[in-house]
Every structure is written in C-alpha cells, then in structure tokens.
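What follows is a short report on a single structure.
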Amino acid sequence: MKYTSEIDKKWQKYWQENDIFKVDLNDNSKPKYYCLVMFPYPSSELHVGHARNYIIGDAVARYKKMCGKNVLSPMGWDAFGLPAENQAIKNKIHPRDWTLKNIKRITQQLKSWGIGYDWDREVTTCLPDYYKWTQWLFIELYKKGLAYRKEAPVNWCESCKTVLANEQVISGKCERCSNEVIQKNLRQWFFKITAYAQRLLNDLELLSQWPQRVKTMQDNWIGRSEGVTIQFPIDGEHYILDCFTTRVDTIFGATFIALSWEHPFIEEIIKEAPNKDEIKNFIEKVKNQPLSARLIDSFEKEGIFTGKHAINPLTGKKMPIWIANYILTGYGTGAIMCVPAHDSRDLEFAKKYDLEVIKVIHDPKSKEDKTNDLESAYEGKGALINSGQFDNLPSLDAQEEIALYMEENDIGKRAINYKLRDWLVSRQRYWGAPIPIIYCESCGEVPVSEDKLPVLLPEVEKFLPTGQSPLTYIKEFTDVKCPKCSGQAKRETDTMDTFVDSSWYFLRYISPKEKDQPFLSHDVNNWLAVDQYIGGVEHAILHLMYSRFINKFLKDQGWINFPEPFTRLFTQGMIVKSGAKMSKSKGNVVAPDYIIEKYGSDTMRLYILFMGPPQKDAEWQDEGLQGCWRFIQRALRLVDMVKEFGEEPLEEDLTQEKILLTKTHLTIKEVTKDLEGNFQFNTAISRIMELVNQTYKCLNEGSIRKDVFKEAVQTMFLLLAPFTPHISEEVNQILGNEPTILNHSWPQVKQEYLEVKEVEIAVLINGRVRDKISIDVGWSEDKIKDQALALEKVKKQLSDKSPKKVIYVDKKIVNIVI
RNA sequence: GCGGACGUGGCGGAAUUGGCAGACGCGCUAGACUUAGGAUCUAGUCUCGUAAGAGGUGGGAGUUCAACUCUCCCCGUCCGCACCA
C-alpha cells in the first residue's frame, strides 16, 4: 500500500459527510472536552509556520476523542483589526473583500490538512451577527462604569495612524508595524482593567496548568507594589504634593522632589517662576521625545528647577522641586521623593545638578564611611542611620514603624500601586466594530440601546487611515437623533481594538447562532472553562489578560459562573527557516500546498509534530520531512505483509513473538504517557518508530503468529491516528474495522505482557559499564551479585582483590566498587 | 539593570523522585539489490586508539558507590520587562 493524496481526499470527504466533528452539546454520556486553538487573523493565507498551532490542536482533539471524550473543537476568524486592514491596504483591496477571501482560502487549507472542526460553530468577528455582541459587551462595561472616556497622554503610532494600548507597545515600538510610538494627549475610550488588577493577580494561582513563564509575565505586567503615599507640604503654599514610595525607610535621605512633565501642579508651581519660559521649553522638549528614547542606555537624565520647595515632613528640611525627564507620568502620582544615596537614578540626577546626598541606610558590607560623596547608590536594605528616632532599625521594621508614625500624624498613608494601566480600546481606524455611543449636546454621552444594535460599520470606499477615523466623514453614519431626547446628536466614530473582539469569542462558539443573546449562559457554564487552549506565546499578556478580565467581568454580572476562561494553556514554539521567522519579506516561507501534493498531509503533520518539543522553536528542514515520508511508507508496508501472512507459526520458538508483544504494549504505555504529559509528540512519535523497527526485526529473526503481528500493526496505526489521521483511517479499514478510527477506543496496556521474566542489566565497575548480564527476575540479590562477580571482565579488573562494596539497583545495574 | 528559561554528537533532539549518556530522526560511510532512483534493504556512525583501553553532557569545584540530573562559583545563548520610585 502506498500513501497518495487520494487517501487524504477520501477521508476528508468521509469526515465531512458524516459530521464526525460535529458536537452535540447535550450529549452527557461522555465527559466534555473543549479544545481550543487561538483563532487566526485572516490577513493572508497560511504557511507551515502557522500550521503547527492547528496540527497540535487537532492531535489533542483526536486523541481525547479516542479516549472517549465529547470533544468540541471549533474554528473562527479574528477578522477585524489592523492585521487584516494593513494587508488589505497593501494589496489595494477593501478590507472586507480581502478578509473574506482569506477566510475562504484558509478554510480550504485547514481542511486539506485534515484538521477536524465543528464548522457549524464558525464565528467571524467582522460580521454583524458577531460584532453586535462585541458592542453589547462595550455597553455592559459602560453601564458599570468600566468603559469610560478621558483625555490622557496615549500611545500614538504615526504609521498606523491610530492610538495603541500599552500592551501593544513593544519596546517603544508599534506591535504591528514596529514604528516609533509617540505620546499624544487625546480623548479616548478605556476599559477599566485596573479595577481587576488584584483579582487578575490573585487568580494566577488558579492557573496551575499554565506555563510558569506566561504567569510570570502577567505578574510582572500587573506589577503590584506596596508602599506609602507621603504628603509633602509645599513651602509657602497651601496645597500638598503626594509622592508614592516603596522605601519609606529612606525618608530621612529624601533631599529633593522630581515631577513628571505632566504633573497637574506644574502650572501652579511655576506661575511666579522667573524662568517660566525656560521651564516651558524644557517640558516641550521632554514631551516630544519618542518613547523608545528612554530605553537606550545613553538616555540622559535632565531636569529643571521650579523655584519652589517642599518640606520633608520628618526632617523639616526644604526640598527643591524639580521637573525631570525620567519621571513616569502614569505611575503613582507622577511625583517622587528622591533619595540619591539609595537610588542610582536619583544619584545620577543629584550629581549632575549638585543636589544634596544623605546616607540613611547602612550597607552591612561596606566599611564605616560617614562621607556622602558616593560612587554608587546602595539600594539594598540595612540598619537606618541619620534617621532620628528610627536610627538602628532594620529597613523592614523601619518601613512598618515609619508608616505607622505617618498614619498617626496624618503625613502619609499606606498604598498599593500597579504598573497595569487601563486598556485603551478606541482606534482611529476603519476596520473594526464601531463604538456604540452617541454624543448629544444636551444629554451628553448616551449608549446605543440594545435593540438598536448592531451599529453597522458603513460600507465605504475611503477607508485609508488619516489620523481621524474614516467614519468621521460619513454624514449618514455620524448624524443621528439622540436616543434620549431625540435632538441632534453625533455618533462616536472610533472603532474598537481587535483585542476586544477576541476577548470573548470562545464563549460565542458555544452559541454561535444565538440571535437574542451573546451566548446561552447555561450551555456556556456547562462547557467552559476551556479544557485546553493552544496558541503562540506572543499573546501571553495581550489576549490572555484581556480575556481573563472580560471573563471576570461577565462572571460578576452573572452571565457566567467560572472565574477563569482557560484551565490549561499550551504555548507552542515558532517554526523558523534559516534561523528566522517565516515571512514573505524574508522569502523563507514554506508553502504547504506543494508539500501536501508531494508527500500527503499526514507527512507534513507528522513532521511538524516530530521536529522537536512543541513548546520550543524548531527549524524547518526538508530532509526531516523526507524522513517522515520514509517512515510512513515503511509502516504501510507492514500492512501489506499482514494481508499476505500465513496463519500458522513456522517454528515452535516464539521468542520473537513475545518480544513483539512486550514492545507493542510498552509502546502503548509510553505514548500514552507522552500525550498525557505536556504533549510530547516528538517522543511519542519516536516510540512508534521504535515499534515499527522492532516489528521488522522480529519478523526477520523468528516466527510470529498472525494475530500478534496484526495487533502490533493495528496498534501502531491507532497510536498514530491523532498525528496521521488519513492513513490511520485507511489502515483501520483495510484491517477490517468500521470507520471512523476515532470511534475505536485508545489502545489499552495489558500489564501481563509488560511483565518479563528475564532482563538484561549492566555491570559497572566504579561507575563505568564493563559488561552486561541477563538475570531472571526471580533471582535473589545475592545470586545476581555473585553472577556479576563471576564475570571474566570483572575478575580481570579485580585481580584477586575483593570488592569494597557491591550495589544492586533493582532490574537496572550492579555496581562493583574496587 | 530586573525577572525567567536554557547550554548534550556534524544537525534536530532523547534520557532528570541521581542508576547503562547520545533513544528516534536527519546527515554521513560501506555493502546489497538494481541496466542510474532523490527508491529499498543490511551494517556502521560521541572522541582518541589497530586493539586492550581511556576520555566525554559550556568551564571549574563539591556531595555520592553512582551526577546531563543535586549544591556553589564562572562563562555563554535566548526570551520577557525596562528609569514602575
């Protein structure tokens, strides 16, 4: 039997016509299993680099199905947003046409790879029946005060001509186009994800089956820190300046204050400053620095004195107030107390502008040194010095004591700060779900009522980004009546971030055709959380945190009853070619069509699963693909041999038969273990290869009865079924079973075949292998040791001396110490 | 700078409650079959050595009968965050 693309087509047709992957949500006879892969941006057709995700997902789904689970494996399209729109613009096609064309093409690709989905549940985020509910979600958030509009400094990509969320700025550059991101003051829509910061952090503990790496990244991104917000009176003024610090124990060393250029007090503070113009120039300069400039090592700290002073509430000393370029605007209060002796950044600044340095923490490793002329700041903990009544206290105790003292005297309050910022969701782009808000002159912001949803995205010819949403120019869209007072009003023209669309799609799969609700809570509660989620690590923060947030919000509103959307997460590595990520511009894309045509889709699937541990990056090599092709042919030849096999054994000696039986069941055991572990497809496949090799070897070396041989062959194709479904179906049928192989249960280990009477163990002398002996498992330890000591090689090494020690490890080794 | 992961043949990678290092695949070598094929089969393939043997998992130390695996130090690579006060 030879593997041809006819076999692929035959079984793809069979699966489709017999609805093999259609799920009955109400079938309670089997446990449910929701297997989800991150749905693609249909911004271009797929190449083998994309394929890994879907092939892994399909292998998992098929395996679980064979294990008797009621498996839901759906597919859809993250169709709105920058990825598709940017590609459409490049190709001079309308985003809608471009997207729908790609969806058609990718569907056909996935089918040609034999990926089994319940296509009746397909969701497409750019279609009104879906984005109606994305808009609904926006309004739900709005009603609870979790969607709001404010003017703030925001990230702006000049190339994409839109604002971006913090999460979409990678090292100061745009996540999509890698252009420099700048800060602009704009009035924008935000989701209040910060209200969920603590819960998003706490519930990471519920995610025991997520990769630690992803959890650590989210933990860092949320960035909780505990400290004290201290109130600094301003000399000669009646108002108070708040500063957050995590090191309140260094308060006696705080010698100046630094404000960010955005601080709300600046206007007031510099009102009477003689160098007001100079200050304004400085602010202007800092404002226009690109974000990424801060990331460079040579970024120089600069500042300007405001002329005002704050009072250190514990020392009573005057602290000059500066404006400095290294102070972050959005974190804490945008103002900090500076302790140059114990903060390297403050020290750098203090040295440059000749500001006072006072040591207040004793570095236990340094010698007694009272001078304040420091080389570097000591940022560690230690006993307090120069700190009045708190002298000699260790840092941690001092933090407690001083916080207490401040709270008692109304100088400061304990506080918690997060790095996490609210999620900026509005975009000045065409290809997205319109934000369902109407602005009325008399009523203000009014959400579109649910029965008026969806707010349809108008069909336009001019969709190119200009910096204003293209919807702004469409009168029929913008001009509406106020839903409250029926007066003249205007629609919001910005569209939503794609990540809003994808933050809830896994719920819609459960009720994809539901007209009156986003989903049916009852079914969703039965089928979620997702048992297994599979996708790229690039979404470790973005999509995975937004989805967690939305999930928690919907739970709070009573729509769902589970705290986390994804029970288990698997992040697969990238497939690279010539050391680089596959991309058209680099010209290293491997197209799957050609491979499938020449080797069949099972070969591609097998190779992608075999090429390395799935969570790690792997290099595509055509030779590796050929190896898998050879393996498949070699395994299929055994099927022909089964058909031609005689019924009776040729000889009485059944040694080979026993070896094969043991190997068959050992393979079942090991492959199952690999799949139940962390999806070690590469080792699972290597074990099946061993079984194939062993089968050939046994056939060559002795006599085997047909049923044992057939069992070995049948088993290998059952074990291969999640990886190479087409040939497995074919072989299953040839061997006389009814399709589909997915209804055939996963092979079970028969323990009796694993119990062997004889094992070969290694004999070591001083930890080095010298010889091997076969032992009967019934032998006593002493007998085994004697046998080992009687070996020629051992005697030679011993040369009349007696061994110091002999150690036996059960069925593994004898180690003789000389 | 902080946090995390990792380092094994010519290559992708196996093996970690400490127990035969290099499974499986690629590549390579030799042979067989074959009137050329990028097919198949057999044998071999960590290093040095004809062999007996010796050495070997980034480097160095340590624990142990036994270390890729555990401890300490150093070197290197990759990833994430990045002036978060």
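Proteins come first, then strands; the chains are lettered A, B, ... in the order of their sequence lines, and each starts at number 1.
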Give a yes/no answer on whether the side chain of [X] brings an N or O atom under 4.0 Å of OP1 or OP2 in [N].
| X | N | answer |
| --- | --- | --- |
| A:Thr683 | B:C24 | no |
| A:Arg630 | B:G27 | yes |
| A:Arg634 | B:C41 | yes |
| A:Asn693 | B:G25 | yes |
| A:Arg213 | B:C78 | no |

Could you let me know what [N] is paired to, Watson-Crick or G-U wobble, both distances under 3.5 Å, or none if it's on its own?
| N | result |
| --- | --- |
| B:C2 | B:G80 |
| B:A54 | B:U47 |
| B:G7 | B:C75 |
| B:G19 | B:C65 |
| B:C24 | B:G12 |

Quiz item: Rounded to the Å, how far apart are A:Glu670 CD and B:C24 P?
Solution: 14 Å
Quiz item: Given atom CE of A:Met689 and atom C1' of B:G13, what is their separation to the nearest angstrom?
Solution: 12 Å
Quiz prompt | Short N-O contact, A:Glu300 and A:Lys352, less than 4.0 angstrom | solution = yes
Practice problem: Assign the ring pair A:Phe256 / A:Phe349 to parallel, tilted or perpendicular, where the plane angle (0 to 90°) is split at 30° and 60°. | Solution: parallel
State which of [options] makes the closest approach to the side chain of [X].
| X | options | result |
| --- | --- | --- |
| A:Ile170 | B:C81, B:A85, B:U40 | B:C81 |
| A:Asn220 | B:G27, B:G3, B:G19 | B:G3 |
| A:Lys419 | B:C41, B:C11, B:C81 | B:C81 |
| A:Lys805 | B:C65, B:G13, B:U42 | B:C65 |
| A:Glu690 | B:C20, B:C65, B:A23 | B:A23 |
| A:Phe610 | B:G12, B:G13, B:A85 | B:G12 |

Is the distance between the ring centroids of [X] and [Y] less than 6.0 Å?
| X | Y | value |
| --- | --- | --- |
| A:Trp322 | A:Tyr353 | yes |
| A:Tyr607 | A:Trp629 | no |
| A:Phe679 | A:Phe570 | yes |

